[in-house]
Amino acid sequence: MDEKFKLKILLYHGVTSVKSKGIENISKKHLDIQIFEKQMRYLNKYCSVLSIDEVVNLYSKKKKKTGEYFVVTFDDGFKNNFTNAFPILQKYKIPAIFYISTGMINSKNLFWVDQIECCINNSKKKKFTININKSNYTFNLNNINNKAKALFTIKKICKTLSKEKKDDVITSLKEKLKIEPNVSFSKNYEILNWSDIRKMNKSKLIKFGAHTINHEILSYLSPKEMKKQISLSIHKLSKELGEKVIHFSYPEGQKDHFDSSVIKHLKAKGIVCSPSAISGVNDNNDDLFRLKRIMVGFDNMPFPK
Ligand SMILES: [Zn+2]
């Protein structure tokens with residue numbers, strides 16, 4: 001029987017047990033802990049799950065691959081990866097890789113997308129106008145639907161802007177909405193610390209990779225800043241773990257968010273694999289720097305059985 005090769009790389013961010021308020025976690029970036037456990041139980045029972053290093057080995061062999069495989073990956077480095085996901089991965093013996101933004105670790109800072117969510121969700125304002133890239137946008141914040149619309153629109157625009165312009169939008173949002181985002185607004189915003197990471201890294205199931213310093217979109221940076229975000233994050237992770245780092249993933253990871261100069265610099269720094277966040281299943285001919293992933297739960301995307 002000639003079974004077609006299929007590699008399904010699952011992309012998670014967080015696993016949560018927090019009851020969210022308002023528009024917090026409205027995109028389901030943090031998956032409910034019970035749903036996550038159900039998925040890991042299913043993988044353990046019915047599927048072949050590979051570690052990311054096994055994927056690298058598989059693709060470096062020239063021979064034709066067959067069979068269907070799953071890989072579990074996490075991006076960003078949320079605290080709940082340690083408190084909620086790690087015990088479940090161990091319980092079901094599922095290998096996983098965590099790609100982390102090293103500058104966020106040990107800090108009380110929020111990822112920039114979470115800063116936008118936090119401002120809009122917690123502001124007492126009913127309406128506001130903001131200037132983005134020389135255009136004025138007015139948003140109503142009088143109910144959850146309008147807040148969700150404001151969040152969706154501002155996030156979408158920011159993902160097309162340079163770092164400087166995106167930082168200006170966030171500064172202006174904080175001033176206009178009178179919110180200073182911080183982890184006390186929600187447990188979902190909390191980030192891992194190096195001690196959590198070292199504890200997880202002791203497990204044979206777990207690997208770590210870099211995900212830039214502070215989650216900047218690599219293709220929007222100057223060549224100098226792009227190289228810095230790559231080199232320093234790899235260096236910091238390697239120093240903290242006391243081992244060589246050969247894995248990476250691109251922040252945001254859609255088609256426009258990385259390019260051949262990014263890949264060239266990653267290879268020069270010893271990276272052997274960097275998956276994208278482009279949605280899809282991989283086949284025999286895929287490239288280890290352009291692998292597709294499936295964002296389980298995000299915007300209600302189903303688990304791929
Ligand atoms: Zn990310």
Side-chain angles (χ1 to χ4, degrees), residues 9-16 25-31 36 52 71-82 84-85 96-107 109-118 151-152 154-156 158-161 163 166-167 170 181 183 186 188-192 196-197 200 207-221 225-226 228-230 232-234 236-237 245 247-259 262-263 266 271 273-280 289-299 301:
I9 308 179
L10 308 177
L11 166 50
Y12 296 96
H13 288 87
V15 173
T16 188
N25 195 30
I26 198 159
S27 62
K28 304 259 175 45
K29 181 164 84 174
H30 300 271
L31 194 66
F36 182 74
I52 195 74
V71 182
V72 174
T73 73
F74 278 81
D75 276 9
D76 296 352
F78 289 101
K79 178 82 176 178
N80 63 29
N81 294 176
F82 176 64
N84 294 341
I97 179 152
F98 294 81
Y99 299 103
I100 58 170
S101 296
T102 55
M104 301 295 292
I105 306 304
N106 276 22
S107 84
N109 300 336
L110 264 58
F111 281 97
W112 65 261
V113 285
D114 287 340
Q115 293 190 40
I116 300 174
E117 180 189 282
C118 184
L151 173 66
F152 178 80
I154 295 171
K155 253 170 51 174
K156 200 173 159 197
C158 281
K159 285 182 186 182
T160 67
L161 300 178
K163 176 187 186 301
K166 180 256 298 161
D167 288 348
I170 293 170
V183 289
S186 168
N188 284 338
Y189 296 148
E190 287 178 19
I191 313 284
L192 288 166
D196 302 334
I197 291 169
M200 290 166 82
K207 270 271 165 182
F208 281 92
H211 191 55
T212 73
I213 305 167
N214 38 26
H215 212 270
E216 298 301 342
I217 295 174
L218 290 165
S219 55
Y220 296 175
L221 302 172
E225 180 64 17
M226 176 271 281
K228 189 180 137 192
Q229 287 281 337
I230 290 174
L232 294 188
S233 61
I234 295 170
K236 174 73 175 166
L237 180 58
V245 169
H247 295 285
F248 192 91
S249 79
Y250 316 106
E252 300 304 330
Q254 297 303 316
K255 188 164 91 343
D256 298 337
H257 300 146
F258 62 100
D259 53 31
V262 167
I263 295 174
L266 288 172
I271 297 299
C273 176
S274 181
S276 73
I278 298 168
S279 189
F289 287 81
R290 297 179 187 278
L291 292 171
K292 298 180 273 294
R293 292 192 281 177
I294 300 161
M295 273 197 231
V296 186
F298 197 85
D299 285 337
M301 201 178 286

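Note that ligands are numbered from 1 as they come in the structure, with each ligand's atoms numbered from 1 the same way. Given the structure is predicted, the values throughout are model-derived calculations rather than measurements.
Judged purely by distance below 3.5 Å, without hydrogens or angles, the side chains of Ser276 and Arg293 never pair a donor atom with an acceptor atom.
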Inset, instruction - Carefully, step by step, assess Val15 and Asn81 under the rule side-chain contact (heavy atoms from CB on, under 4.5 Å). - result: CA-CA 6 Å; Val15 173; Asn81 294 176; 5.7 Å; no

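Atom CD1 in Ile100 sits 4.0 Å away from atom CD1 in Ile105 (nearest 0.5 Å).
With His30 as reference, Phe78 is the one residue of Phe74, Phe36, Phe78 to meet the ring-ring contact (aromatic ring centres under 6.0 Å, His included) rule. When each of Met104, Gln229, Glu225 is paired with Ile213, the side-chain contact (heavy atoms from CB on, under 4.5 Å) condition holds for Gln229 and for no other.
Ring centroids of Tyr250 and His257 are separated by 6.0 Å or more, keeping the two rings apart.
Within the sub-2.8 Å shell of the Zn ion (ligand 1), the protein contributes these N/O/S atoms: Asp76 OD1, His211 NE2, His215 NE2.
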